[in-house]
Amino acid sequence: MKITLVRGDITEQRVDAIVNAANSSLLGGGGVDGAIHRKGGPRILEECRRLRETRYEEGLPTGRAVATTAGRLRATWVIHTVGPVYKKSEDRSDLLASCYRESLRVADELGATTVAFPAVSAGVYGWPVGDAARIAVGTVCNTPAKVSEARFVLFTEDVYAAFADTLSANS
Ligand code: ADP
């Protein structure tokens, strides 16, 4: 799997699947979630509502992933994953790693070959950026998948720099 980094807006990416840093309600939020629903239009939210009525009545658990249509985005699917809220007193790294593993598993199930990831948990959920980058890059590098390109799309310069440092340390 090729790993690439882009500084930019994930909603502008032409890929098979865009990963959303959602919350467990699946009913929309701020940050990247808000941007995806705004640009993708109401069909994404409709499918999320149906998921809440069927498979995920209690919400999507942290560390899991589920796909919907991508609506008007230039992608076929949105893969929603719920990152953990950062907590100093508790190591939740495995839940963050699970977001990337599960998203890749769902992407493989869909037959997606190009997948764009945001920096899950590194915004409102407060994960320190260097650590979030290390977990993201390390997990994607070490997860066997049929996906041919995993593209990290980083919105701000500091997050981009953290991912670039981690990737060069890994290669
Ligand atoms: P979380 O609640 O998981 O922390 P956020 O959406 O608050 O999710 O932030 C996750 C990361 O996504 C942050 O680094 C934030 O800057 C970034 N982000 C926000 N909007 C976009 C966007 N349109 N494209 C890519 N990344 C984005």
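Every number for a ligand or one of its atoms is a count from 1 in the order of the listing.
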Would you mind checking which non-hydrogen protein atom is closest to [atom], with the distance to 0.1 Å?
{"atom": "atom 12 (O) of ligand 1", "result": "Val32 CB, 4.1 Å"}
{"atom": "atom 8 (O) of ligand 1", "result": "Ala21 CB, 3.8 Å"}
{"atom": "atom 24 (N) of ligand 1", "result": "Ile10 N, 2.9 Å"}
{"atom": "atom 16 (O) of ligand 1", "result": "Phe155 CB, 3.9 Å"}
{"atom": "atom 9 (O) of ligand 1", "result": "Gly123 CA, 3.3 Å"}

For Phe152, all residues meeting ring pair (Phe, Tyr, Trp, His ring centres under 6.0 Å), sequence neighbours excluded: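 Ring pair (Phe, Tyr, Trp, His ring centres under 6.0 Å) list for Phe152, sorted by chain: Phe117, Phe163.
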Side chain to side chain donor-acceptor pair (under 3.5 Å) with Asp165: which residues, sequence neighbours excluded?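 Testing Asp165 for side chain to side chain donor-acceptor pair (under 3.5 Å), a comparison that skips the adjacent residues, returns none.
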Closest contact, heavy atoms only, Ile36 versus Val19: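 Distance-wise, the nearest heavy atoms are CD1-O, 4.1 Å.
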Should Glu149 and Thr4 be marked as a side-chain hydrogen bond (donor to acceptor under 3.5 Å, both in side chains) after you check the CA-CA gap, both sets of side-chain angles, and the distance that decides it? CA-CA 7 Å; Glu149 182 190 353; Thr4 53; 2.6 Å; yes
Heavy-atom proximity to atom 1 (P) of ligand 1, best of Ala132, Gly29, Ala133, Ser121: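 Among Ala132, Gly29, Ala133, Ser121, the closest heavy atom to atom 1 (P) of ligand 1 belongs to Ser121.
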Could you name the option among Ala119, Gly30, Ala22, Pro118 that has the heavy atom nearest to atom 10 (C) of ligand 1?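 The residue whose heavy atom sits nearest atom 10 (C) of ligand 1 is Ala119.
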Short side-chain donor-acceptor distance under 3.5 Å, Asp16 and Thr113: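 Per modelled atom types, Thr113 and Asp16 side chains form a pair under 3.5 Å.
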Between Arg151 and Gln13, do the side chains contain a donor N or O and an acceptor N or O under 3.5 Å apart?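 A pair is found: one side chain offers a donor N or O, the other an acceptor, under 3.5 Å apart.
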Side chains of Val66 and Arg55: does their closest heavy-atom pair fall under 4.5 Å?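 Yes - at least one pair of side-chain heavy atoms lies under 4.5 Å apart.
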For the 3.5 Å polar cut-off, considering only N or O atoms, please tell me whether Tyr125 and ligand 1 meet it.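 By distance alone, the answer is yes.
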Can a non-hydrogen atom of Gly83 be found less than 4.0 Å from any atom of ligand 1?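 Heavy atoms of Gly83 never come under 4.0 Å of ligand 1.
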Answer with side chain, backbone, both or neither: which part of Val124 has a heavy atom less than 4.0 angstrom from an atom of ligand 1?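 Under 4.0 Å from ligand 1, Val124 contributes backbone and side-chain atoms.
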Quick check on contacts: which atoms of ligand 1 are under 4.0 angstrom from a heavy atom of Ala35?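 In order of number, 23 (N).
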Quick check on contacts: which atoms of ligand 1 are under 4.0 angstrom from a heavy atom of Asp9?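 This gives 22 (C), 23 (N), 24 (N) as the contact atoms.
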If you measure from CG on Leu26 to NE2 on His80, what distance do you get to the nearest 0.5 Å?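 Output value for this atom pair is 6.5 Å.
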